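Bear in mind the structure is a predicted one, so any value in this text is a computation, not a measurement.
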Amino acid sequence: MSSLKDEIDMQNLPVHIAIIMDGNGRWAKKRFLPRKLGHKAGADTLEDITKAADKLGVKHLTVYAFSTENWKRSDEEVKGIMDLLRNYLDRYVAKADKEDIKIDIIGERSRLDQDIQEKIKLIESISAEKPGLNLHIALNYGGRDDLLRGFKKIAGRIEDGSLRAEDITEEMISENLDTGFYPDPELVIRTSGEERISNFMLWQIAYSEFVFNSKLWPDYTEEDLYGDICYYQNRDRRFGGR
Ligand code: IPE
Ligand code: IPE
Ligand code: MG
């Protein structure tokens, strides 16, 4: 069977793809299932897409799993998502020997339950030496919160006298964000047909290309990823020049 994978220009593969994984609730609703099962199906899709991106040779994949605004949802739904996360982290640890991908978490951790914070620390230390794709999971992440925390770090250096305000650079702002140690995304994909950013990376997307895919996240497949990469590769990225 032919695959869109063969259409991808491997010389022009995005180094960093970011995904807003949206539509789990609608997927469940269509099937008269509880929202929690939509999130479960979404977690399975994440595993498939991570493997596909790794095999393709993508270096960084950032996925929006829980926003700073998602706490507004019912306690039951938030707990359901957190339990799925626990499960996801435990499964990685259990099969860590066979794992190729590196996992880290971006976002503000102190609001997460203590046991989840411990699991995150463990998984980050286990996966640090893995050779494959870097999977960055955005948890209790908000683009504005990321900038706010970054500005506070920089302001701290001004306060202690080690930095002058006029010496602040764009690079310094980038470095003080949660994503400071990896490049900005060339491609941002949002599923479910919604065409908004919902407080995902704000500074980092200055020149990203956007693909809004109408598929609900649990229905999103490897082939959809390949198709979205091809769509991106046919864009003309001008960066303000001509
Ligand atoms: C995305 O799916 C997952 C999270 C925000 C945690 P949604 O739960 O937002 O699904 P819809 O948008 O209601 O369909
Ligand atoms: C964005 O989706 C957050 C995640 C995918 C984690 P939402 O479903 O929360 O965003 P809105 O409410 O439609 O803007
Ligand atoms: Mg949504």
Practice problem: For side chain to side chain contact (heavy atoms under 4.5 Å, CB included), just list the numbers for Arg86 and Ile116, CA-CA rounded to whole Å, side-chain angles, deciding distance to a tenth of an Å, and then say yes or no. | Solution: CA-CA 6 Å; Arg86 284 185 174 91; Ile116 293 185; 3.9 Å; yes
Quiz item: Do Tyr182 and Asp104 have side-chain N/O donor and acceptor atoms under 3.5 Å apart?
Solution: no
Quiz prompt | Residues Arg109, Glu124: salt bridge by 4.0 Å N-O rule | solution = yes
Practice problem: May I ask you to establish whether Arg235 and Tyr231 are in a cation-pi arrangement, using a distance under 6.0 Å from NZ or CZ to the six-membered ring centre and at most 45° from the ring axis? | Solution: yes
Quiz item: Applying the side-chain hydrogen bond (donor to acceptor under 3.5 Å, both in side chains) test to Gln204, which of Asp178, Thr62, Asp146 qualifies?
Solution: Asp146
Practice problem: Taking atom types as modelled, find out whether Asp6 and Ser3 have a side-chain donor-acceptor pair closer than 3.5 angstrom. | Solution: no
Quiz prompt | Side-chain H-bond candidate by donor/acceptor type, Tyr64 with Ser198, under 3.5 Å | solution = no
Self-check item: Ile49 side, atom CD1; Ile189 side, atom CD1 - distance, nearest 0.5 Å
Solution: 8.5 Å
Self-check item: Asp184 CG to His60 NE2 distance, which is reported to the nearest 0.5 Å
Solution: 11.0 Å
Exercise. Carefully, step by step, assess Asp228 and Tyr232 under the rule side chain to side chain contact (heavy atoms under 4.5 Å, CB included).
Key: CA-CA 6 Å; Asp228 288 345; Tyr232 153 82; over 6 Å; no
Quiz item: Strictly by modelled atom types, are Asp224 and Thr221 linked by a side-chain donor-acceptor pair under 3.5 Å?
Solution: yes
Quiz item: So, Phe181 versus His136, ring centres under 6.0 angstrom or not?
Solution: yes
Quiz item: Just checking, is any N or O donor in the side chain of Asn140 or Trp71 under 3.5 Å from an acceptor N or O on the other one?
Solution: yes
